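Below: one structure, written as structure tokens.
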Amino acid sequence: MKAKKIVALLMVAVIAAGAMAGCGNSDSKETGNQGGQETGSTDEVTTLSFYNSDLQEDDPWTDPVAQKLTEKTGVKLDVDHPVGEDKQKISLMIAEQKFPDMIYAKGDAGSLIDAGVLIDLTDLIEEYGPNIKKMYGDEFGKLKYSEDDPSIYQLSSYEMGGTKYEDSGTAQVQFDFLKENDYKIPESLDEFEQMLKDYLAAHPKTDDGMDTIGLSLSASDWHWMITLGNPAGYIAEGAPDNGQWLIDENYNASYKFTSQKIREYFKWLNKLYNEGILDPEFATQTHDDYIAKISSGRVVALLDTLWDYQDGEKILKQDKKLGKTYCGIPLAMDQNTKVPTLMYQGLPTGQGVGITTSCENPEAAIKYLDYICSDEGQVLVNWGIEGTNYNVDENGHRYREQEEIAASKEDKNYQKTTGVMFHQYPFPRYGTGVLDSTGSTYTTTSKETVIAEYNEEQQAACKAWDVELLVDIFPQQDEFEVPDFPPVWAMSKPVEFDEIGNKLDEIAQPSLIGCIMAKEADFDAAYDKMISDLEGSGMKEAEEMLTEIVKDKVAVMQ
């Protein structure tokens, strides 16, 4: 990997002049704002081009928060983003050697690093980035690329620290189901299965006359990773989210579907399918079909995560069917498995904002990023404009009026028109619950706001469990140690690894579905066939590569 990078750097050096001329919309004017300042403004404006691989709509940089960012930093961002199915944009940039000043490449960052496109930010941070260093604190070293190459190419696009006051757990069940079971939390898959069977027997039809569905999944497209892949690791192994991989205490990686416990989990799903508890259309329905079933109130339980099913739940809330909305529970295979729902895995690195070799004014870029990391910058992007989007009480704590809270939840254009939260991601930020010097949370979400916004079903569950927060029923964050390496799904990995990983996933999706839909007597043979196919497609090689990558990342921190 290092040799490839040296070659790429030499190539870039040869064509640098052409690349610099061909790209970069930066204005060379110097700004009056210095690194580390949290107040003040500048009259001169530097325009920096920025490509955001995750943005799906235009960012004209005209909203109040954007204007305030320019006022404070002297920087205006000219934002570009993918259009339609434009998934090859990064590859095209590399081929044409035309790059923006700053870039968020998401999972393609490794290609830019291999091609020598992203500059090392280390010296810039040292000179202009006091707030960057403050934000990352003890985890600053995780930003380094590798032990051989300790350069910092990106600032992470994910939250730094924080506490989860809300979470959808490892499984989700309707509040009506909870009430009928006196709010009992199942302690094993077998107990959960029996509770579902009993509920279906008592409620075979909905009030609208539709067949009640015990459990449904969305597995016909990429959502299989969310509803089939992720829950298997959480529920069977009690493992945190490392994508399709398990990492043991010695940092050895394994493709998780080879785990014996995960095999048992899928055998359980196979039983549910054959007994009619699992939706018979789980593998063929589109995600829209899945959401439609949820919004009808037919589906008792899910194995999903809130952002993936929330569109269906929003309709239930609009229809005043709160009993059919979902509560996250800490479902595990057995009492010996501790689900890692609230575990802090440490700072995700490998995906973030970087500055390219085409940027003519990297000082302006790093100063902008440093302002984003400052207390003032974090308040601005999270809360908006004081006196407009929020106020400060006599104790110096920020708060929002109910009208503003309602607008933020109900107006689909709220973020874009106000700028509040619209310029937060994919830039560095503090996690939920982290306090600033005033004792206020950087984010608008706090323990108090979550409790205040609970509906009657959520309040009833908290009362039944004698807890303040719904997540209080989960193993708590302080029961887990923070791993020595970032979440694997976010780490930069070589193209060779990704090619094998994609091939393994292409085998796993239809194979796991086939295992679930097989006759119970045929399950083991089908699962053995899948493992054989995985082993014949480079699985061991990928496991060895990832083990080396993880161990290298650990070495950077030691």
Side-chain angles (χ1 to χ4, degrees), residues 32-42 63-75 128-140 155 158-166 342 344 347 367-409 411 414-415 417-425 427-454 468-469 471-472 476-478:
N33 196 46
Q34 297 299 310
Q37 282 190 331
E38 295 188 9
T39 57
S41 60
T42 178
D63 63 74
V65 171
Q67 293 177 3
K68 182 64 72 172
L69 284 168
T70 297
E71 175 188 326
K72 291 293 184 179
T73 66
V75 168
Y128 302 109
N131 293 301
I132 295 173
K133 296 176 74 173
K134 174 192 169 189
M135 175 179 282
Y136 289 121
D138 293 341
E139 297 195 68
F140 183 75
L155 299 185
Y158 294 96
E159 295 180 348
M160 175 62 210
T163 302
K164 290 185 180 180
Y165 299 123
E166 300 174 281
L342 301 186
Y344 176 57
L347 177 70
K367 288 177 183 178
Y368 175 84
L369 293 172
D370 188 68
Y371 178 79
I372 289 289
C373 293
S374 71
D375 282 10
E376 184 177 282
Q378 286 290 290
V379 171
L380 176 58
V381 297
N382 280 290
W383 289 81
I385 310 297
E386 182 178 354
T388 300
N389 307 113
Y390 74 93
N391 295 300
V392 179
D393 65 19
E394 62 276 9
N395 297 315
H397 296 159
R398 293 180 291 278
Y399 70 94
R400 296 186 296 171
E401 301 288 354
Q402 283 302 124
E403 183 180 357
E404 187 75 14
I405 294 173
S408 69
K409 292 181 176 295
D411 181 359
Y414 173 82
Q415 291 189 9
T417 54
T418 65
V420 179
M421 300 292 288
F422 193 59
H423 305 286
Q424 183 213 53
Y425 175 83
F427 296 99
R429 61 193 186 280
Y430 289 106
T432 302
V434 179
L435 302 178
D436 67 9
S437 58
T438 71
S440 296
T441 54
Y442 288 105
T443 63
T444 56
T445 300
S446 66
K447 179 178 180 179
E448 291 72 24
T449 63
V450 169
I451 293 173
E453 294 174 23
Y454 277 160
E468 290 185 286
L469 293 164
V471 295
D472 288 344
Q476 296 300 294
Q477 181 172 311
D478 60 8

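Keep in mind it's a predicted model, so treat the numbers as computed, not measured. Numbers here simply count residues along the sequence, with the first being 1.
- More than 12 heavy atoms of other shown residues, nucleotides or ligands fall within 6.0 angstrom of atom CG in Asn391.
- Among residues two or more places apart in sequence or in another chain, the side-chain contact (heavy atoms from CB on, under 4.5 Å) test is passed with Thr388 by Ile385.
- Atom CD of Glu468 has 12 or fewer heavy atoms from other residues, nucleotides or ligands within 6.0 Å.
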Chi angles and distances behind the side chain to side chain contact (heavy atoms under 4.5 Å, CB included) call for Tyr128, Asp370: CA-CA 7 Å; Tyr128 302 109; Asp370 188 68; 5.8 Å; no
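- Gln378 contributes a side-chain N or O that, together with a main-chain N or O of Tyr430, makes up a donor-acceptor pair within less than 3.5 Å.
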Would you sort out whether Tyr371 and Asn131 count as a side chain to side chain contact (heavy atoms under 4.5 Å, CB included), showing the intermediate values? CA-CA 7 Å; Tyr371 178 79; Asn131 293 301; over 6 Å; no
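- In terms of modelled atom types and a separation under 3.5 Å, the side chain of Gln476 and the main chain of Val471 share a donor-acceptor contact.
- For Arg400, there are no salt bridge (charged side-chain N to carboxylate O under 4.0 Å, His left out) partners two or more places apart in sequence or in a different chain.
- Checking side-chain atoms of Thr432 against main-chain N and O of Thr163 turns up no donor-acceptor pair under 3.5 Å.
- Tyr442 pairs with exactly one of Asp436, Asp375, Asn382 by the side chain to side chain donor-acceptor pair (under 3.5 Å) rule, that one being Asp375.
- Residues forming a ring pair (Phe, Tyr, Trp, His ring centres under 6.0 Å) with Tyr414 (at least two apart in sequence, or on another chain): none.
- Taking each heavy atom of Trp383 and Asn389 in turn, the nearest pair found is O-CB, 3.2 Å.
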